[in-house]
Amino acid sequence: MLTLKVDPVKCDGCGRCAVACQVGHAFSSGGRLPVFAAPLLWIRQSGDSKRIEICRHCETPVCADACVAGAIYCDAGSGTVQVCADKCIGCYSCVMDCPFGALCLQEGLAAKCDGCRDINGPLCAKHCPTGALQTAADSRAAAASRRRGRLLLTGRAR
Amino acid sequence: MSKYLIIGYSTAGLSAVRALTEYEPRASITVISAERHLPYSRVLLTHFIAGKVQRRDLDLVVPDFSQQAGITLLQGVRAVHIDPGEKRVMLDNGERLSYRALLLSTGSSPIFPEGLTPSDPCVAGLRSLEDCEKIMRHAVPGAAVAVIGGGPVGVKLACALREAGVSVHMLVSSPHLLSQVADEEAAGMVRKRMEACGINILTGVDVSGLEPDSDGAATLMLNDGTELACSLAVFCKGVRPNTEPLQVLQTRGGGIRVDKFMRSVFEDIYAAGDVAETFEITRRQYCTAAIWPHAVRQGRLAGLNMAGCEAPYGGSLFRNALEVFGLPFISIGIHPVSSCGNWDMEICRDGLVYRKLIYRENSLVGAQLVGRVEEAGALQAEIRRCAVQDLDE
Amino acid sequence: MDAKAVVAVPDRCSGCKQCELICSFVYEKGYSPRLSRIKVVHFEDRGLSVPVTCAYCDRPVCEEVCPVGAMTHNPDTGAALVKEELCLGCKECVNACPLGAVEMHPGKRVALRCDLCGGDPACVRHCSYKALKFEPSHLGVKSKRRARVEAWNLE
């Protein structure tokens with residue numbers, strides 16, 4: 001189960017995540033030459049607050065409910081939410097429903113974070129210098145380790 | 001006796017089947033479908049007409065899904081009577097089926113003006129694959145087709161027909177397009193784009209009659225006295241929930257009202273999809289909200305609740321997304337039709353971009369976006385949050 | 001602030017996980033620790049077990065990060081509520097909670113968080129070792145402090 005931990009407070013807007021995403025996916029198409037597309041995550045700044053618009057790979061994704069073409073699905077193996085480009089018709093239904101703004105249309109097709117399924121990733125989190133983007137293999141395990149750490153830190157587990 | 005009986009096998013029915021089989025893998029499920037096709041995506045029909053997708057892309061399941069899921073599928077039959085007391089359903093072939101929990105996901109049908117029926121060769125709706133095939137028989141390049149109704153379905157169909165090379169006349173009875181979901185300015189931008197692509201749009205007119213010609217075409221009489229020749233008239237003037245065979249359950253003129261667990265007033269009878277009347281959170285009233293994401297979610301929650309897993313539904317929210325020849329349009333929530341009460345709005349215009357936020361008592365209740373729509377999801381979440389907060393208070 | 005909270009007394013906890021079982025039974029009608037809203041953390045090397053559940057924070061970060069407003073609390077009792085009908089399963093709250101007190105329900109795929117059983121927590125009632133208390137949270141802090149001091153004295 002891929003879990004992306006997003007903490008906009010820590011984000012300083014350096015944009016390394018977006019570059020890493022772009023570069024990483026440019027070489028994943030299999031061709032000899034890189035193919036650069038727009039990054040699959042965006043940092044949006046309004047006033048002092050930042051929003052990191054990236055897919056959270058929800059357990060009951062609203063984008064999949066909204067998709068009229070059945071193009072968005074939960075990939076059980078990797079625990080990610082994926083778009084099947086062959087089925088997508090670019091109807092904007094998913095864009096309308098995702099509360100994180102994690103989907104946009106690129107060249108007429110829905111584009112979203114694929115959890116670096118085909119590459120050794122998630123690259124955005126690997127390259128984030130401030131810890132605004134972090135990954136955990138499993139949210140359950142992450143919560144469990146946080147419980148232990150917290151208890152040790154506060155001295156309740158002497 | 002089947003434990004779960006589902007009447008209607010489209011989006012909502014299929015979601016319910018998926019939820020039931022996931023939650024209770026060996027449940028005995030019987031599905032009754034009036035259609036002889038496996039579930040297909042109705043929203044994709046306009047894309048099918050435009051030639052953007054193939055027939056196989058419409059299918060929502062693989063051909064042997066019924067075997068895989070272990071459900072009994074009865075195709076080509078209709079339920080004619082339901083006895084909630086005896087927990088029994090009578091089919092039009094005389095068969096009787098009893099159930100432990102029943103889901104009504106019968107969907108909706110297009111509304112036709114009086115005197116016109118879809119059996120007329122020149123009249124069609126757009127709901128089923130058969131309707132779609134009828135339209136496609138007429139939709140040959142050079143033919144003229146009239147699309148009556150300026151709602152989202154009408155707009156989508158007109159664009160699709162235009163892309164297929166048909167000359168399209170759009171007849172809208174309201175003063176502007178998309179009057180249910182957009183204001184005049186947003187609709188004007190959509191209209192401009194459609195007209196630039198060669199669609200003839202007439203607003204403020206209604207069809208008063210239809211005269212078939214000898215060569216299979218027809219002449220439409222309009223209420224302003226003019227006539228319009230076309231080979232087919234497609235009516236997209238809204239839908240009506242399919243409750244006819246289920247009169248016994250019907251409380252009023254509309255759909256089947258359900259509570260937040262998708263239960264109707266009758267014991268162990270659930271409803272989901274176009275036929276269900278759910279609570280709309282911005283309008284604060286029960287209504288049928290016949291859009292795709294509602295059908296998917298309601299179907300799934302109905303399935304879970306039927307299986308005994310209490311899963312409440314958060315209420316529906318009217319929203320529509322359209323793509324008109326490259327121009328995206330999204331409308332969420334309400335747009336004020338009356339000026340009573342404390343309404344406020346915020347408008348941002350920039351060339352081909354028009355964005356409008358609508359506030360009621362200082363909380364966001366509606367948004368219309370044309371041209372740039374990236375924030376739509378976040379806005380929708382905000383509208384939902386505001387509405388739920390207001391309801392709590 | 002006199003809102004009451006479930007407060008753990010680690011020295012009394014035997015690590016029997018009865019609280020986890022009763023919690024899952026009350027809410028999910030089954031004895032399954034992974035459906036529990038309270039978790040016992042074991043420190044095997046120290047021979048210590050500490051039950052952990054929601055701290056009913058004054059400014060709950062899980063509620064701040066929820067994009068759809070599914071995480072709420074009762075303003076009078078401080079008890080947390082998850083509006084399951086709104087929850088998307090995006091795991092923002094799971095990631096945000098510094099205590100690890102929020103998890104995902106594996107079946108319903110919604111957030112799982114202690115709601116104090118509506119005012120009479122079953123875990124407190126069923127703890128055989130009185131390792132859980134339901135008391136105003138400032139008292140909890142006090143008794144924790146006292147327990148710590150006593151423990152030092154013993155050492």
Side-chain angles (χ1 to χ4, degrees), chain A residues 6 8 38-47 49-56 58-74 76 81 83-113, chain B residues 11 14-15 19 39-48 50 52-54 56-61 152 156 291-301 304 311 314 317 319-324 326-332 367 369 372-385:
Chain A
V6 183
L40 302 172
L41 80 164
W42 306 268
I43 299 170
R44 205 177 285 276
Q45 187 150 14
S46 56
S49 68
K50 285 190 194 70
R51 253 161 51 101
I52 304 175
E53 301 190 335
I54 185 170
C55 178
R56 266 63 164 186
C58 301
E59 306 251 332
T60 49
V62 278
C63 53
D65 283 358
C67 182
V68 299
I72 303 182
Y73 61 99
C74 292
V81 179
V83 183
C84 174
D86 294 342
K87 287 188 178 172
C88 177
I89 50 159
C91 67
Y92 286 95
S93 294
C94 51
V95 178
M96 176 172 71
D97 273 17
C98 174
F100 299 105
L103 291 117
C104 72
L105 254 70
Q106 286 178 9
E107 290 168 7
L109 296 178
K112 68 178 282 303
C113 163
Chain B
T11 321
L14 176 65
S15 294
Y40 54 91
S41 175
R42 293 179 199 278
V43 186
L44 280 190
L45 291 177
T46 53
H47 296 261
F48 185 39
K52 284 187 197 159
V53 299
Q54 306 296 312
R56 63 166 191 281
D57 296 328
L58 301 182
D59 286 326
L60 295 173
V61 292
K156 275 186 194 172
I291 62 169
W292 172 279
H294 289 161
V296 176
R297 201 152 190 100
Q298 290 170 10
R300 179 165 66 232
L301 295 175
L304 286 175
L317 171 63
R319 54 195 191 269
N320 268 291
L322 293 173
E323 193 245 14
V324 182
L327 182 77
F329 166 85
I330 288 179
S331 159
I332 305 164
L369 308 170
R372 259 188 66 197
V373 297
E374 298 96 271
E375 297 89 350
L379 285 171
Q380 202 230 123
E382 187 59 27
I383 290 173
R384 233 172 221 287
R385 232 165 46 88

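All values below were derived from every heavy atom in this structure, side-chain atoms included, with hydrogens, water molecules and symmetry-related copies excluded. Small disclaimer: the values here were computed from a predicted structure and weren't measured. We name chains A, B, ... by the order of the sequence lines, and we start the count at 1 in each one.
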Going from [atom1] on [X] to [atom2] on [Y], what distance comes out if it is rounded to the nearest 0.5 angstrom?
X: A:C91; Y: B:K52; atom1: SG; atom2: NZ; value: 10.0 Å
X: A:D65; Y: B:T11; atom1: CG; atom2: OG1; value: 11.0 Å
X: A:I89; Y: B:T46; atom1: CD1; atom2: OG1; value: 7.0 Å
X: A:S93; Y: B:I330; atom1: OG; atom2: CD1; value: 8.0 Å

With only heavy atoms counted, which part of A:Y92 is less than 4.5 Å from chain B, the side chain, the backbone, both or neither?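 The answer is both parts of A:Y92.
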Quick one: what part of A:C67 sits under 4.5 Å from any heavy atom of chain B, side chain, backbone, both or neither?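 Only the backbone of A:C67 comes within 4.5 Å of chain B.
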Carefully, step by step, assess A:K87 and B:V53 under the rule side-chain contact (heavy atoms from CB on, under 4.5 Å). CA-CA 8 Å; A:K87 287 188 178 172; B:V53 299; over 6 Å; no
Can you list the steps and then say if B:E374 with A:R44 is a side-chain contact (heavy atoms from CB on, under 4.5 Å)? CA-CA 11 Å; B:E374 298 96 271; A:R44 205 177 285 276; 3.8 Å; yes
Mind listing the closest non-hydrogen atom pair of [X] and [Y] along with its distance?
X: B:P293; Y: A:A66; result: CB-CA, 4.0 Å
X: B:V373; Y: A:V95; result: O-CG1, 3.6 Å
X: A:V68; Y: B:L44; result: O-CG, 3.9 Å
X: A:M96; Y: B:S331; result: SD-O, 4.5 Å

Measure the shortest side-chain to side-chain distance between A:L105 and B:E323 over non-hydrogen atoms and say whether it is less than 4.5 angstrom.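 Not in contact.
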Please flag which part of B:R384 lies under 4.5 Å from any non-hydrogen atom of chain A: side chain, backbone, both or neither.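 For B:R384, neither part sits under 4.5 Å from chain A.
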B:D59, part contacting chain A, at a heavy-atom distance under 4.5 Å: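 Neither the backbone nor the side chain of B:D59 comes within 4.5 Å of chain A.
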Would you mind telling me which of A:C98, A:A102, A:A64 has the largest number of heavy-atom pairs within less than 4.5 Å of chain B?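 Option with the top pair count is A:C98.
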What residue in B:A381, B:A295, B:A321, B:A367 has the most heavy-atom pairs under 4.5 Å with chain A?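 Most heavy-atom pairs within the cutoff with chain A belong to B:A321.
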